[in-house]
Amino acid sequence: MDVVKFRKENLHRYWCNYSSHGVAGDDPGSARHRIALGDVVIVENQPRFKIHKGATIYTIGSCFARNVERSLKRQGFRVPTAEIEIDKDIYIGHTVFHNTVLNKYNAHSMATEILRGLEASPDPGLVEVDPGQWYDPQTSYTRLMALEEVSALRNKLDELARNVANSDLVVMTLGLTETWFDTSSKVAFNGLNVVAIKHRRATTAFFNATVAQVFEVLADALEKLIGRNPEVKVVVTVSPVPMAQTFTNLDVFTANTYSKAVLRVAAQMLTARFPFVDYFPSYEMVMNSPRAMTWADDQVHVAPPVVEQVISAFASRYIDV
């Protein structure tokens, strides 16, 4: 690593550029200057690749990914995850997005989605909670259903996931590390369905993923993806959206900080391992911007205008015009 070269050429290396007298200087590239502007902080990166307008982009992630895919679609990309038609009757309550069922939160469930998309006939992985009442642990916010209904939904989602095999770009937005899984099959659940797990407490367990676990499960999925789709590019981000609750004994602030730190390190390791993987700093942009303008009233979801500015920065760097 040529640290001398980087020090000379990196115009954004200072958090605060002090003068020889110890006075904070007005360096436009410094973090201090960008924060002091009072607007969305634009964090720079050097893209490894470009994608063409109209390219097919497959998004994997939680509610922040749902915002991202809508912005990308407006930019002129084909985004299969935004185009899928889903009957909102499948949900246990109100959802903002029609395709909330696609939300993925932990790295293991994201890897599962990639792998299912590469298999011709993956095991449905459905769970019978009560007689005639079935649950799909890879979905999000869905109610218990009859076997025929949940099977039809699973087939539809697997058909959608097959788009990873021919997409130009896959965008993965990592969400959290707290993970539930089935002890008999070792399959990780996407999220927590209280009703489903209440009836399966004896075969349900929990772990809080480490950097090594996140890296290994995603690296394995990406190796299989590039084997099937040699031209694919992958952008990894970390969702700024905090966890809704923690299942540890930590204060949720502390638990969320651990989660994001693990995911951010794992993302960096993935970019070091794979030349077709790049990290886009949407997390850093949101987290360092003024909180009053960045977050919705629930202090969970990112305000749409901020998402648009982040995606605008993404488009200006990655789209080959």
Side-chain angles (χ1 to χ4, degrees), residues 6-7 9-19 22-48 59 61-72 75 105 171-177 211 214 235-244 246 250-272 277-318:
F6 292 163
R7 188 179 187 281
E9 297 181 356
N10 185 358
L11 301 179
H12 304 93
R13 67 185 183 275
Y14 287 112
W15 193 274
C16 180
N17 190 358
Y18 291 97
S19 71
V23 177
D26 192 22
D27 178 354
S30 69
R32 171 185 177 272
H33 177 86
R34 285 176 281 169
I35 291 171
L37 292 175
D39 202 348
V40 175
V41 171
I42 301 301
V43 179
E44 300 298 329
N45 73 313
Q46 299 177 356
R48 286 183 166 180
T59 60
S62 59
C63 51
F64 189 69
R66 305 284 76 84
N67 281 314
V68 168
E69 68 193 4
R70 279 154 179 74
S71 296
L72 290 171
Q75 293 276 353
Y105 301 101
V171 177
M172 294 196 306
T173 304
L174 309 180
L176 49 78
T177 54
V211 171
V214 172
V235 169
V236 179
T237 69
V238 174
S239 172
V241 174
M243 57 176 60
T246 179
L250 300 174
D251 187 301
V252 71
F253 279 107
T254 306
N256 188 67
T257 299
Y258 169 85
S259 186
K260 300 303 183 182
V262 165
L263 297 174
R264 181 62 187 88
V265 173
Q268 197 70 28
M269 292 171 65
L270 290 170
T271 65
V277 176
D278 203 9
Y279 178 77
F280 178 69
S282 57
Y283 175 78
E284 288 82 351
M285 292 186 194
V286 173
M287 297 306 295
N288 289 291
S289 295
R291 192 162 192 95
M293 69 180 297
T294 303
W295 299 93
D297 289 342
D298 60 6
Q299 298 298 302
V300 172
H301 297 95
V302 181
V306 175
V307 176
E308 290 295 333
Q309 289 191 60
V310 170
I311 296 305
S312 177
F314 172 88
S316 68
R317 298 173 197 180
Y318 287 92

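Residue indices begin at 1 and follow the sequence shown. No hydrogens, no waters, no symmetry mates; every other heavy atom, side chains included, goes into these values.
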So which heavy atom on [X] is nearest to which on [Y], and how close?
X: Thr294; Y: Ser289; answer: OG1-CB, 3.3 Å
X: Trp295; Y: Val302; answer: CZ3-CG2, 3.9 Å
X: Val238; Y: Tyr283; answer: O-CB, 3.2 Å
X: Val277; Y: Arg48; answer: O-NH1, 2.8 Å

### Message
Would Tyr14 and Arg32 count as a side chain to side chain donor-acceptor pair (under 3.5 Å) here? Give the steps.
### Response
CA-CA 8 Å; Tyr14 287 112; Arg32 171 185 177 272; over 6 Å; no
For [X], I'd like to know if atom [atom1] has over 12 heavy atoms of other residues, nucleotides or ligands within 6.0 Å.
X: Asp298; atom1: CG; answer: yes
X: Gln299; atom1: CD; answer: yes
X: Arg7; atom1: CZ; answer: no

### Listed once per pair and sorted, the side-chain hydrogen bond (donor to acceptor under 3.5 Å, both in side chains) pairs that draw on residues 250-261, sequence neighbours left out
Thr177-Ser259
Any chance you could measure [X], atom [atom1], to [Y], atom [atom2], to the nearest 0.5 Å?
X: Tyr279; Y: Leu174; atom1: OH; atom2: CG; value: 8.5 Å
X: Asn67; Y: Thr173; atom1: CG; atom2: OG1; value: 10.0 Å
X: His301; Y: Ser62; atom1: NE2; atom2: OG; value: 8.0 Å

### Message
Is there a side-chain contact (heavy atoms from CB on, under 4.5 Å) between Thr237 and Val68? Walk through the geometry before answering.
### Response
CA-CA 11 Å; Thr237 69; Val68 168; over 6 Å; no
Is there a donor-acceptor contact under 3.5 Å from the side chain of [X] to the main chain of [Y]?
X: Asn10; Y: Phe6; result: no
X: Asn17; Y: Gly25; result: no
X: Arg34; Y: Val41; result: no
X: Arg317; Y: Phe280; result: no

### Close side-chain approach of Asp278 to Pro47, heavy-atom, < 4.5 Å
yes
### Message
Using the rule given for side-chain contact (heavy atoms from CB on, under 4.5 Å), can you reason through Trp15 versus Ile35, listing the C-alpha separation, both sets of side-chain angles and the distance that settles it, and then say yes or no?
### Response
CA-CA 10 Å; Trp15 193 274; Ile35 291 171; 3.8 Å; yes
Run the side-chain donor-acceptor check on residues 305-314: report pairs under 3.5 Å with partners two or more places apart or on a different chain.
residue, atom, partner, partner atom, Å
Glu308, OE2, Ser71, OG, 3.0
Glu308, OE2, Arg74, NH2, 2.2

### Query
For Met285 and Val43, what are the C-alpha separation, side-chain angles and deciding distance, and is it a side-chain contact (heavy atoms from CB on, under 4.5 Å)?
CA-CA 6 Å; Met285 292 186 194; Val43 179; 3.9 Å; yes
